[in-house]
Amino acid sequence: MLHVQIQKKFAGFQLDVGFTVSSGVTALFGPSGSGKSVTLKSISGLLAPDQGEISLHDTVLFSSREGINVPPQKRRIGYLFQNYALFPHLNVAENIVYGIRHLPKEEQQEKRTKLIQMMQLHGQEKKKPGEISGGQQQRVALARTLATDPQLILLDEPFSALDSAVKSSLRAELLDILEAKNIPAIIVTHDLNEAYSMSDHITIIEMGRIMQSDNKWNIINAPANIAVAELTRAKNIFSGTIAKQEEMEKTGVNTSWGTFFLTPSSPFTPGKTIHFFIRPHHIQVFDPEEKHLPEENILEGTVTNIISHIDSHTLYLKKTSGPADDVVFVKVNDDLFDKLNLAKNSRVCCYFPPDCIGVIG
Amino acid sequence: MLHVQIQKKFAGFQLDVGFTVSSGVTALFGPSGSGKSVTLKSISGLLAPDQGEISLHDTVLFSSREGINVPPQKRRIGYLFQNYALFPHLNVAENIVYGIRHLPKEEQQEKRTKLIQMMQLHGQEKKKPGEISGGQQQRVALARTLATDPQLILLDEPFSALDSAVKSSLRAELLDILEAKNIPAIIVTHDLNEAYSMSDHITIIEMGRIMQSDNKWNIINAPANIAVAELTRAKNIFSGTIAKQEEMEKTGVNTSWGTFFLTPSSPFTPGKTIHFFIRPHHIQVFDPEEKHLPEENILEGTVTNIISHIDSHTLYLKKTSGPADDVVFVKVNDDLFDKLNLAKNSRVCCYFPPDCIGVIG
Amino acid sequence: ADQKSSITVAAAANLKNSFSEMGKAFTAKTGIDVTFVFGSTGELTQQVKNGAPVDLFAAADTKSITGLAGEDLIDKDSVKNYAQGSIVLVPSKSAKFQVKYLGDLKNKDVKIIAIANPETAPYGKAAQDALVAAGIWDKIKDKVVFAKNIDETLTYVKTGNADAAIVAKSLVYGSDQKYYEYKAWNQLYKPIVQALGVVKASENHESAVKFANFVTSADGQKIMKNFGYEIP
Amino acid sequence: MTDLDFRPLLLSLKVSTLATFFIILIGTPIGFVLARAKFKGKSILDSLFTLPLVLPPTVLGYYLLVAIGRQSPLGKLLENQFGINLVFTWQAAVIAAFFTSFPLLVRSAKAAFAAIDPNMENAARTLGRSELSIFFTVTIPLAWKGLMAGVVLAFARALGDFGTTMMVAGNIPGKTQTMPIAIYDAVIAGNTGQANVLVLVMTLTAIIIIIVLNTVEQKY
Amino acid sequence: MTDLDFRPLLLSLKVSTLATFFIILIGTPIGFVLARAKFKGKSILDSLFTLPLVLPPTVLGYYLLVAIGRQSPLGKLLENQFGINLVFTWQAAVIAAFFTSFPLLVRSAKAAFAAIDPNMENAARTLGRSELSIFFTVTIPLAWKGLMAGVVLAFARALGDFGTTMMVAGNIPGKTQTMPIAIYDAVIAGNTGQANVLVLVMTLTAIIIIIVLNTVEQKY
Ligand SMILES: Nc1ncnc2c1ncn2[C@@H]1O[C@H](COP(=O)(O)OP(=O)(O)OP(=O)(O)O)[C@@H](O)[C@H]1O
Ligand SMILES: Nc1ncnc2c1ncn2[C@@H]1O[C@H](COP(=O)(O)OP(=O)(O)OP(=O)(O)O)[C@@H](O)[C@H]1O
Ligand code: MOO
Ligand SMILES: [Mg+2]
Ligand SMILES: [Mg+2]
């Protein structure tokens with residue numbers, strides 16, 4: 001259990017974060033320059049916050065009030081640096097055992113062998129960091145951290161330089177290790193998918209402030225504010241005012257794209273301005289000629305651009321009568337894409353299912 | 001039009017690649033240590049191959065036979081380094097205009113303003129590379145390269161340090177720029193999705209050899225060999241022998257998981273050993289109690305693990321009677337996942353649609 | 001007995017040749033070994049002042065020795081004048097104009113004249129005094145270059161960089177180096193009387209006194225004469 | 001306190017500044033070549049450049065005296081053709097300071113250049129800049145700290161040179177008497193008071209210059 | 001060719017090796033502190049460490065003589081307590097070489113330490129290693145090239161020291177006569193032949209040592 005409540009000021013940047021990390025994996029997710037690395041450095045003791053408190057399992061690691069600042073050596077917190085920070089003068093094997101030199105020789109050897117196996121580094125033992133590829137370097141850094149059996153692991157974008165084949169197996173293995181050893185971890189990542197699939201809990205940081213720290217389901221489905229919605233790629237964000245409630249079951253919102261209806265139970269007072277979003281893959285697409293269209297939450301548009309993915313396509317939709325620059329993003333799978341014979345300038349009809357519309361805040 | 005046909009030997013590594021790049025974006029995709037960076041360095045002239053020839057738009061840049069080796073300065077090839085290689089002593093603005101110092105002051109300024117705008121670097125102009133975040137650094141490096149109006153751009157993992165929000169907009173913008181300026185580009189990437197969505201053509205490299213160089217559709221759907229299938233995350237790869245052809249329309253393959261039928265027209269001689277694959281999202285999942293199951297290409301299994309993504313879930317399936325370690329990966333979307341009430345140890349039925357089964361080679 | 005068997009003597013640079021002989025003769029006679037530390041009088045004075053473990057100091061002047069005696073660093077009773085040096089004019093073999101007389105130094109083909117630094121080397125002071133007294137100093141002083149000590153002065157002519165030099169006679173006496181000296185020069189500068197003294201802190205006082213006595217003995221003075229010194 | 005003669009100090013500053021200037025001009029490219037080029041006998045060449053440090057200054061001065069003196073081919077040429085005599089001039093003091101101090105810069109420069117990430121220069125190459133302009137806009141700034149350390153060392157050494165300068169430039173008050181020679185004279189002549197004043201002036205000057213150079217070191 | 005006396009060479013090697021050893025021992029931490037610590041007056045301290053380079057060697061020798069001579073508090077202490085007199089011993093030559101050469105190592109070390117990426121040491125900290133062991137296993141190896149450049153400079157300078165050694169250790173053949181002093185004597189005495197032989201021996205020795213040190217430089 002890690003408690004963090006710290007402030008740190010730099011020229012032109014002010015960090016002021018508070019959050020708690022329990023067992024399992026927490027993803028620290030935020031745009032570049034938001035203070036992720038600074039936060040991790042403070043937790044590990046490499047950087048002293050100006051103010052605040054950090055404690056791990058009831059041990060106070062830092063407290064400006066009590067004048068405590070445990071040195072990094074004594075914190076038993078593993079750290080995987082963003083640029084690896086491998087020792088260029090030591091070979092791969094020597095890098096891995098660097099932190100366990102105090103152990104008996106056999107034990108060092110045993111750990112080293114296990115980690116080299118786990119990290120798929122056979123045959124690289126004698127090479128210097130400069131002689132192996134970026135991905136291999138990252139795996140050595142990971143092995144070096146794991147060798148010391150830390151109580152908490154901080155990983156600063158651990159997978160950014162890995163190729164996808166190695167990445168997915170390393171991700172799964174890392175999760176296994178963390179779970180097996182019951183080591184809580186904080187993973188800094190830019191990749192929302194990675195944050196989502198690796199973690200239980202996501203902490204979102206922007207411009208030095210925590211925007212939301214919650215279980216991952218809430219982060220995705222109930223973003224606390226527009227910043228979170230944007231960062232989690234909600235993509236289609238609308239603002240509007242609540243319409244007069246004609247019927248009890250429906251809440252209508254008037255937007256520049258038209259009126260949309262939320263789920264029946266949404267308790268908003270008419271006239272209030274709200275923001276809501278719908279993710280691209282939740283939007284249902286129809287041929288405009290289709291007869292049995294839903295009656296509400298329908299939007300007609302023209303495809304202005306298509307980005308193809310392996311199993312799907314993202315359409316950029318513009319409404320002729322809509323605001324000039326605004327685009328609605330829609331994700332359709334291969335089958336439907338082929339069936340509707342979509343291409344640039346195709347006209348389509350979209351339906352926003354009310355239960356897929358999330359309200360922000 | 002870039003032609004590359006080169007060999008280069010290092011201790012323990014031998015590069016021997018040949019491929020052609022036309023207009024548009026080519027992704028150079030391969031595992032770490034496969035020789036991607038070495039290939040890019042050779043093209044840019046930073047590294048002299050031992051043998052071979054490189055030509056761009058009918059200009060020979062390198063030829064061991066003719067003793068030609070045009071210096072990098074004269075090649076007009078932009079290069080985005082994997083570790084950015086920003087000049088630490090120059091500020092952001094100075095870095096950006098570094099390569100266009102010979103232009104008139106106003107022109108430099110104009111380009112700089114445009115690039116800072118494009119790269120969302122407002123307010124960072126006066127900062128040194130050490131004072132901006134990793135993602136900002138990468139954008140500066142990109143701007144610096146684009147400033148020189150290169151004839152070809154080589155990008156060594158340009159997006160690996162970016163956060164997803166910036167990433168997708170930068171990707172789209174980069175594609176726009178390349179298309180608008182008609183600059184061909186080679187993008188090295190570890191991310192298959194990135195390779196697929198950014199490029200027209202994918203060149204796959206492994207252990208210093210080109211495995212396949214083709215348009216992206218063929219790479220995904222008709223991998224030339226198992227290596228390519230694995231690298232493109234075909235995931236479920238089976239090997240088997242062609243069964244006696246009972247009927248004209250069907251080709252059966254006997255595997256350790258049972259017999260599967262390919263598309264009717266598959267022209268294989270009975271007894272031949274072949275490899276085939278099916279991607280996780282192409283596998284259809286049913287409740288085992290379901291009455292109307294297809295009659296063939298059905299596989300029953302138990303869910304041993306689940307990885308959740310934002311809009312889908314990956315199931316790890318084991319067949320009780322199947323090979324001990326083998327797993328079939330199945331991707332199901334949120335709706336179906338909830339409907340079937342899937343969890344660890346659920347039993348499910350899978351159907352492999354014959355037209356989604358790809359044959360390797 | 002063991003202690004008496006060796007002494008260390010600090011000797012001015014101009015004594016390099018003569019005192020090497022002196023040492024041999026002394027050891028042959030007394031069985032006491034002598035080690036020499038050669039240097040410029042000024043440097044040696046500073047070393048003795050700061051407690052260099054030497055037993056006897058033979059300077060190129062009297063001033064340094066009486067000064068040290070005044071500071072009680074040298075045994076007053078042991079102070080003796082043991083030699084008188086003189087200066088000679090040395091032409092450079094390669095010089096365009098071969099000087100013979102002091103007046104020749106005014107010749108326009110004599111471009112560089114080397115003397116030892118008058119501030120730190122007694123022989124340099126003598127050379128300067130002589131040139132002033134001869135009334136030519138003001139005319140040639142722009143051609144004069146000071147060397148660190150009398151040794152290096154000679155090096156300047158030997159390498160042909162100075163056209164002429166004024167050095168200690170003892171450095172060239174008996175060598176194949178051409179030089180000129182005239183009786184009349186004696187009036188031009190104060191006699192260069194060299195004094196020695198036993199260092200107060202010496203642990204080999206007895207042997208040091210023996211050496212001092214040997215230098216001023218008939219045998220010792222003969223050796224000095226052989227190297228071109230006068231007897232004071 | 002004696003009336004202070006400022007000529008030695010000014011001469012010393014002129015001589016060591018000029019010597020350092022030439023050392024930077026010649027020593028920097030040599031350090032670069034030693035750091036980057038690969039050729040046979042590099043190791044020997046490398047150690048040859050350190051030799052001036054190993055030789056006693058007076059002996060180095062002696063060899064210089066022989067090499068540029070009036071009997072040397074160079075000296076004869078200069079004297080006959082231009083009526084110039086180098087030895088015993090302040091220019092000779094510059095030459096002396098140059099030779100005693102330049103190993104210090106060469107070594108520091110070599111170490112500084114060797115430490116640069118070659119990708120920096122590679123990046124500049126792909127941006128189309130000529131090798132020469134890359135050298136000045138990337139290589140030099142990145143090696144700056146190490147180079148400046150070498151410059152400080154070389155300048156300090158040039159300022160303090162005594163034996164070599166004494167030998168080739170002599171001790172001509174007002175003409176070739178540098179500060180170290182003046183200090184030496186005062187010490188050896190037993191003028192301890194004057195010597196201390198001179199040492200103090202010299203020390204303060206040196207400290208100021210080193211502080212200024214340290215500030216320049218922070219440039220990049 | 002004269003019969004060669006090897007004692008000056010051996011003495012020079014002994015003296016400069018020992019001096020370099022102490023320089024490494026004391027100069028490396030000083031260089032580290034100057035590179036890393038932030039405190040008031042650092043810049044002045046920094047330039048003070050360069051002073052020995054600026055002073056003429058003989059003058060430095062004079063001050064050392066005053067400092068460790070019999071009349072000094074230190075000299076009195078040593079003489080009264082242990083009956084030791086440092087002046088004119090080979091130990092004094094070590095002290096002389098130490099002071100003339102140590103600025104060279106301190107400056108090189110400072111530059112080398114300043115160039116290290118602090119994340120390297122940070123990584124070692126999070127791996128639980130003590131500050132001292134990090135210094136030896138990470139900091140020193142990463143600064144190795146710059147440190148070795150400093151060692152080469154300091155050793156070469158120590159080997160070549162003349163004025164300072166002459167002043168505090170004298171010129172006692174077989175006892176304190178180092179190679180530079182022997183060479184000086186030969187040159188000034190006009191024994192050009194002998195001088196050249198000695199210079200050759202000295203030069204070859206220096207080249208061999210520098211080449212060996214250059215090899216050690218490649219260690220990391
Ligand atoms: N030592 C420092 N001195 C001054 N400012 C700093 C320092 N370290 C970080 N900053 C500033 O703090 C802010 C946050 O930096 P940080 O490295 O934590 O970002 P990040 O979230 O890790 O970004 P990225 O994902 O790009 O690595 C940046 O604006 C940066 O300029
Ligand atoms: N200068 C070099 N000397 C020796 N071997 C080298 C050198 N440069 C690269 N190699 C070797 O060549 C191989 C390919 O390296 P390269 O950097 O091209 O890999 P990569 O495909 O870019 O990997 P990554 O995706 O991890 O960056 C590696 O095995 C590496 O060890
Ligand atoms: O022998 Mo001296 O003391 O240099 O003139
Ligand atoms: Mg970061
Ligand atoms: Mg690479």
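Letters go in sequence order (proteins before strands), and every chain restarts at 1.
In this structure, chain D has no heavy atom under 4.5 Å from any part of B:Arg76. Only the backbone of B:Leu86 comes within contact range of chain D, judged by heavy atoms closer than 4.5 Å. Residue contact with chain D, scored on non-hydrogen atoms closer than 4.5 Å, is absent for B:Lys74.
Heavy-atom minimum distance, B:Gln73 versus D:Ile134: NE2-CD1, 3.7 Å.
Interface with chain B: from residues 117-130 of chain D, residues D:Asp117, D:Asn119, D:Met120, D:Asn122, D:Ala123, D:Ala124, D:Arg125, D:Thr126, D:Leu127, D:Gly128, D:Arg129, D:Ser130 qualify, criterion being any non-hydrogen pair under 4.5 Å.
In the displayed structure, D:Ile26 atom CD1 is contacted under 6.0 Å by more than 12 heavy atoms of other residues, nucleotides or ligands. Within 6.0 Å of the CE atom in B:Met118, the count of heavy atoms belonging to other residues, nucleotides or ligands exceeds 12. By the neighbour-count criterion of 12 heavy atoms within 6.0 Å, atom NZ of B:Lys9 is sparsely surrounded, having that number or fewer from other residues, nucleotides or ligands.
Between B:Tyr98 and D:Val138, the closest side-chain pair of non-hydrogen atoms falls below 4.5 Å.
The backbone N or O of D:Thr137 lies less than 3.5 Å from a partner atom in the side chain of B:His89, making a donor-acceptor pair.
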